[in-house]
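In what follows, a single structure is set out as structure tokens and then discussed.
Quick caveat: nothing in here was measured; it's all calculated off a predicted structure.
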Amino acid sequence: MSAAVAEEPLHEKLRWLLMLALYRCDRQAHALAVYTETRRLLNRELGIEPGTELSNLHQDILAGRAVTACREQPPTQAPAADLPEAAPPHLPRPAQLPPVARGFVGRKAELDELDELERLLGGDEARAGADTAVAVVGGPAGMGKTALALRLAHRLADSFPDGQLFVDLRGTGVQGEPLTASDALAQLLCSLGIDDARLPRDLVGRVNLYRSLLHGQRMLVVLDDAFTAEQVRPLIPRGASSVIVTSRQRLTGLAIRDGAHQFRLGPLSEAESVELLTFLGENRLRVDRTMIVRLARICERLPLALRSAVERFIEARDAYPAAARGATPKRPTGTRTRACAPRSRPPTRRSPPRRPGCSTPWPCSPRA
């Protein structure tokens, strides 16, 4: 069948039969890849879309329905009570964005640049679906990359009505080995309603199925803590979706090959650090401004270190309230500690008596 399709690549009936054969052999991803290739070929060569038969078969494969014969028109809607227990015809609408961290302050320059990223990811050019918009938020550890990326993602959520996906790629290895592209695709496909029985086993099959499912969808994909460009590239869909990546590494490969917009994050300013410490401490951080400025400098104005320092400072002060306020602890009345109890002086050791004109202690031995 593949040889026949290769000889007549524009013959839709042959491609329909090839897709059906692949689907019945439990090769769903390969069948969807044939449809994607056919659609691209017909658009390029003839300027047309696939016919009704091919489009209906494509929808049946996406929905996981049984296909017995070619059909010209979509079937009439059956009563709700008679519907079989099959996969839903439409993709679920995931909403997986974690909440934004409390106390997001400062970052005025970065927020101004976010407006440009917002136009890049959610503008009319991205909606046209010519190329997938990719933004990479980079910087050293503790800079607040994830917090900034999530703030941008929440601002863009309304521009992506088909849903938002989130995957922690574990590139730093804090929670174990970094997630492979194949495992990340398994998570994404599961979020899109693909169960284990329909999940392709190889990476190519998962990539094809993932991109076929997101074809024509306005989906926002957030990939947190990426390690390499090779880990991210298979997770980038094609079309009207957009991707936000955070990483400690400089993913220059994504900028070169995929046209990603690089966004480098630095530490907070001193004024922003003081503002963050004051906000997080509220009325619990009872120290003067000089101490707050000194604490911000010790933490090198890193948002993660500042948050940790506030909680540790308050925890230590609550555990030792008197020492934290610089007061001397009061001693209970009527009691004496062991350290303060009077101690008797040790007896003085007296030297033995000596005879006059003799250096030997008494009694001395007679002289010879």
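The number of heavy atoms from other shown groups lying within 6.0 Å of CG (Asp202) is above 12. No more than 12 heavy atoms of other residues, nucleotides or ligands sit less than 6.0 Å from atom CD of Glu300. Counted within 6.0 Å of CZ on Phe227, heavy atoms from surrounding residues, nucleotides or ligands total 12 or fewer; the atom is thus considered open. Remark: His30 NE2 is packed, more than 12 non-hydrogen atoms of other residues, nucleotides or ligands lying under 6.0 Å away. Within 6.0 Å of CZ on Arg294 lie no more than 12 heavy atoms contributed by other residues, nucleotides or ligands. The environment of Asp195 atom CG is dense: over 12 non-hydrogen atoms of other residues, nucleotides or ligands sit within 6.0 angstrom.
Using a 3.5 Å distance cut-off with no hydrogens or angles, the side chains of Ser191 and Gln96 do pair a donor with an acceptor. In the model, Arg15 has a side-chain atom that pairs as donor or acceptor with a side-chain atom of Thr38 under 3.5 Å. Under the 3.5 Å distance criterion, with hydrogens and angles disregarded, a donor-acceptor pair is assigned to the side chains of Ser182 and Arg206.
Of the possible polar contacts, none joining the Tyr23 side chain to the Ile61 backbone as a donor-acceptor pair under 3.5 Å is found. In this structure, the side chain of Gln164 does not engage the main chain of Met219 through any donor-acceptor pair within 3.5 Å. With Asp224 contributing its side chain and Asp168 its backbone, the two residues share no donor-acceptor pair below 3.5 Å. In this structure, the side chain of Gln28 does not engage the main chain of Leu22 through any donor-acceptor pair within 3.5 Å. Here the side chain of Arg218 pairs no donor or acceptor atom with the backbone of Ser242 at under 3.5 angstrom. In this structure a side-chain-to-backbone donor-acceptor pair under 3.5 Å is missing from Arg250 to Arg248. No donor-acceptor distance shorter than 3.5 angstrom exists from the side chain of Lys145 to the backbone of Gly138, with no hydrogens or angles considered. Judged by distance alone, the side chain of His58 and the main-chain N or O of Pro50 form no donor-acceptor pair under 3.5 Å. Here the side chain of Glu53 pairs no donor or acceptor atom with the backbone of Lys13 at under 3.5 angstrom. In this structure a side-chain-to-backbone donor-acceptor pair under 3.5 Å is missing from Glu37 to Ala33.
In this structure, the side chains of Met143 and Leu268 stay at 4.5 Å or more apart for every pair of heavy atoms.
Under a 4.0 Å N-O distance rule, the pair Arg39/Glu49 qualifies as a salt bridge. Contact check on Arg170 versus Glu177 returns no salt bridge, with no Lys/Arg side-chain nitrogen under 4.0 Å from an Asp/Glu carboxylate oxygen. Between Asp258 and Arg233 there is a salt bridge, since a side-chain N of the basic residue sits under 4.0 Å from a carboxylate O of the acidic one.
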Next on the checklist: The test is side chain to side chain contact (heavy atoms under 4.5 Å, CB included); show your working for Leu189 and Leu209 and say whether it passes.
Outcome noted: CA-CA 8 Å; Leu189 291 172; Leu209 178 58; 4.0 Å; yes
Next on the checklist: With side chain to side chain contact (heavy atoms under 4.5 Å, CB included) as the criterion, how do Leu188 and Leu214 come out once you've worked through the C-alpha distance, each side chain's angles and the decisive distance to 0.1 Å?
Outcome noted: CA-CA 11 Å; Leu188 290 168; Leu214 292 190; over 6 Å; no
Checklist entry - So Glu270 and Arg301, salt bridge (Lys or Arg N to Asp or Glu O under 4.0 Å) or not? Walk me through it. => result CA-CA 7 Å; Glu270 187 171 289; Arg301 309 193 310 277; 5.9 Å; no
Item to check | Test log, rule side chain to side chain contact (heavy atoms under 4.5 Å, CB included), inputs Leu185 and Val207 | outcome: CA-CA 7 Å; Leu185 283 168; Val207 171; 3.4 Å; yes
Checklist entry - Would Val137 and Val245 satisfy side chain to side chain contact (heavy atoms under 4.5 Å, CB included), going step by step from the backbone distance to the final call? => result CA-CA 6 Å; Val137 181; Val245 185; over 6 Å; no
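Residues Leu203 and Val167 share a hydrophobic cluster, clusters being chains of Ile/Leu/Val/Met/Phe/Trp/Tyr side chains in contact below 4.5 Å.
In this structure, Leu223 CG and Ser247 OG are separated by 10.5 Å, a value rounded to the nearest 0.5 Å.
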